[in-house]
Amino acid sequence: MINFNNVYKRFPDGFDALKNIAFTIESGEMVYITGHSGAGKSTLLKLIAAIERPTSGNITVNGQNISKLKKSAVPFLRRNIGLVFQDHKILFDRNVFDNVMLPLQISNFNTAMAARRVHAALDKVGLLKKEKSRPITLSGGERQRLCIARAVVHRPSILIADEPTGNLDVDYAKDIMDMFTSFHQVGVTVLIATHDTNLLQDTPHRILALHQGQLAI
Amino acid sequence: MNAWLTQHWQAFILTLKYFIRAPFTNILSILIIGIAFSLPVGVYTLLENLQSHSGAVGGTPQFSLYLKLDATKNQALEIKKNLEEQAFIENFKFIPKDQALKQLAQNNDLARVIGNIGDNPLPHAFVITSRHITASKLEQLRATMQAWPGVEYVQFDSIWAKRLDAMLNIGRVIVAMLATLLSAALVMVIFNTIRLQILTKREEIEVSKLIGATDGFINRPFLYFGALQGFAGGLTAWLIMAIGVQTLNDELVVLAELYTTNFQLKHLDIKDSISLLLFSSWLGWLGARLSVASYLWKIEPK
């Protein structure tokens, strides 16, 4: 469960990115966050993963108060969250398999079991045949899928994606969105920020619309 | 425990990979460390050698132990027994006062004087030859013997030994100063190496932090790397010394033959060698630790 209560975020330069944000997302729910660029979508997602801290207000993620979370506890919060980035943040010095392996190494997984999990995650995003490839040889869509595989390999309870379809053509974007839906169907809480409202025309899921740092009702 | 070991093993393997990726730069910095370290190690080795040969430099150390005039026979026997038990004593000889007087009387001039005295004024004495040990140990030995009951005075000409010891002490201070300065240099070299590594791994560190890596996980390969470089530097210094000692010994053989003595330089013993390697590894770790502490926190995902 994710809960925002009177959350404000002001950056050091005085810009108010988020103003008086309050909402609750239940476990297993799938929610879209929309808004123009600069509306505060990314900032909102970063607050959940404690990449940014709120200026005031309370944020609770899985029962933990993010505003008061110690620095040393942040890694353990993030191990419960899968992050998908628009710019992928893939490491180009290692192959596809090793990229997906990274979260499991970090959380101290037994190697044999970790390999099985990596294969399962790569299979889910359709990259199993490319496990030995270098990321540099992958297309934009493939890189995005690699990023998703890395985000889900450690089976987080929350999956957060910031503009996951940003640079992809329509068909590809649809594929990616279907992938997120399938994670939602197995019980993962999914949050997707997107400015692409075309994709959301007949979605059954909740939409949180941000406008200039405020939630539009 | 097993998982913990696995993590350390993985960090170690990763360290080796970093190392192989830039072999030239790494070997270069190891050589710098090794050469810098071989200087204090060399002076230290020389001192150790001088110290172990200090006896040979000053001749055979001899004591004269004079008994009190009223010392009893039992006390003399007790002293004899004590001397036999002392580890550092090579051999000793008892000289009774009659024999001493006789020896003295062999000198014609003195014979007349002695004739006039009547009673024998000389004490019983022991002449003691000790092993080649350091001046401070000789001094200790003298004090021990002086404290035995029935002993009037123990004489020992220790000025040469004291002089040598003082010089060795100056040498030790020089070693300490060199070691301190060059250790600081080693820490700085590693500090800089690790700083460069952190900067080139910026992306990896950022991503690792984003997916829940603890600081320990991120630090570990860098700390291993520092320790490994320190170790390799120490090993290089040790090898440089080994070659140096070997080369010098080849020439020393010629010199020693001319002096008909047997003087050979010895390399560091096992204990000193292990200390050297542990110390240089620790310094490497320290450099890495400082580097990690001053740069890693700056890399935060945005």
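Sequence lines set the chain letters: A, B, ... in the order given, protein chains first and strands last, and positions in each chain run from 1. Heavy atoms only: backbone and side chains are in, while hydrogens, waters and symmetry mates are out. The structure displayed is predicted, hence computed values, not measured ones.
- Between chain B and the residues A:Arg79, A:Arg150, A:Lys71, A:His154, the largest count of heavy-atom pairs under 4.5 Å involves A:Arg79.
- Ranking B:Gly212, B:Ser208, B:Ala213 against chain A, the residue ahead of the rest is B:Gly212, based on heavy-atom pairs under 4.5 Å.
- Heavy atoms closer than 4.5 Å to chain B are found in the side chain of A:Asp93, but not in its backbone.
- Ring geometry for B:Tyr224 against B:Phe12 counts as perpendicular: the plane angle is over 60°, on a 0 to 90° scale with 30° as the lower cut.
- Contact annotation: the side chain of B:Val292 never approaches that of B:Arg220 to less than 4.5 Å [non-hydrogen atoms, C-beta and beyond].
- A:Phe180 CZ to A:Asp175 CG: the interatomic distance, rounded to the nearest 0.5 Å, is 12.0 Å.
- Residues A:Met30 and A:Phe183 have side chains not in contact (no heavy-atom distance under 4.5 Å, counting atoms from C-beta outward).
- With contacts defined as side-chain heavy-atom distances shorter than 4.5 Å, the pair A:Phe76/A:Ser107 does not qualify.
- Interface residue A:Lys89: backbone and side-chain heavy atoms are both found under 4.5 Å from chain B.
- In this structure, chain B has heavy atoms under 4.5 Å from both the backbone and the side chain of A:Leu102.
- Residue A:Glu52: no heavy atom, backbone or side chain, is found under 4.5 Å from chain B.
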